[in-house]
Amino acid sequence: MKIDLSRSDGATTSFDVVLKPADIDLETDLASVEGDISVTGEVSNEDTMTVVRAEVKAPLNIDCSRCLAEIPTDQDFSFKNAFIAGDNVSDEQEVELDLQDLELSFAREEEVDLVDIVREQIILNLPAHPLCKEDCKGLCEVCGANLNEKSCDCKQEETDPRWAALKNLK
Ligand SMILES: [Zn+2]
Ligand SMILES: [Zn+2]
């Protein structure tokens with residue numbers, strides 16, 4: 001769905017779209033889309049900018065940051081994103097003052113694709129350090145064994161800062 005940034009007539013248009021996994025290439029190894037993504041929201045063509053508000057529901061598989069196991073996750077979030085196109089960019093500073101809680105983007109084109117916005121928002125909303133379980137043991141840095149499934153005889157360097165802190169207490 002293309003969003004027209006050149007309109008400034010104050011119109012608000014609702015939309016309710018379903019994006020197929022094939023529509024969205026997340027372009028990251030950290031997560032993959034596992035099913036249809038539902039995007040419900042509205043586009044407001046305001047004076048100096050176009051504001052997109054939407055709720056996204058995306059079934060994802062997110063990789064555990066320690067052992068790389070896939071974690072099935074129903075990502076569910078809403079976002080507000082304001083766009084300023086072409087001629088209005090000179091008003092940028094003035095607009096920025098009005099925005100406050102809005103995330104502002106500048107577009108060189110007169111239109112943006114909803115798919116691109118949703119892709120960016122999904123990536124922004126990925127957890128920073130996803131874990132398959134709180135005490136995931138991760139992969140052995142030496143032999144690559146999944147330490148949740150088996151132990152190995154490699155010499156491990158203690159890299160976890162919490163362990164280092166405990167050692168210092170003793
Ligand atoms: Zn894990
Ligand atoms: Zn090992």
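In each ligand, atom 1 is the first atom listed, and ligand 1 is the first ligand listed. Remember, predicted model here, so these are calculated numbers, not experimental data. For the single chain, residues carry numbers from 1 onward in sequence order.
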Legend entry - Short N-O contact, K20 and D36, less than 4.0 angstrom: yes
Legend entry - Three-point angle C64:SG, the Zn ion (ligand 1), C132:SG, rounded to the nearest 10°: 110°
Legend entry - Polar side-chain atom of Q75 near backbone of I122 as donor-acceptor pair, under 3.5 Å: yes
Inset, instruction - Give a rough value, rounded to 10 degrees, for the angle at the Zn ion (ligand 2) between atoms SG of C152 and SG of C154. - result: 110°
Legend entry - Rounded to 10 degrees, the angle SG of C140 makes with SG of C143 at the Zn ion (ligand 2): 110°
Inset, instruction - Verify, without hydrogens or angle tests, whether N148 (side chain) and C136 (backbone) share a donor-acceptor contact under 3.5 angstrom. - result: no
Inset, instruction - Can you tell me, to 10 degrees, how wide the angle at the Zn ion (ligand 1) is between SG on C136 and SG on C67? - result: 110°
Legend entry - With P130, the side chain to side chain contact (heavy atoms under 4.5 Å, CB included) member among L30, T73, D63, I62: I62
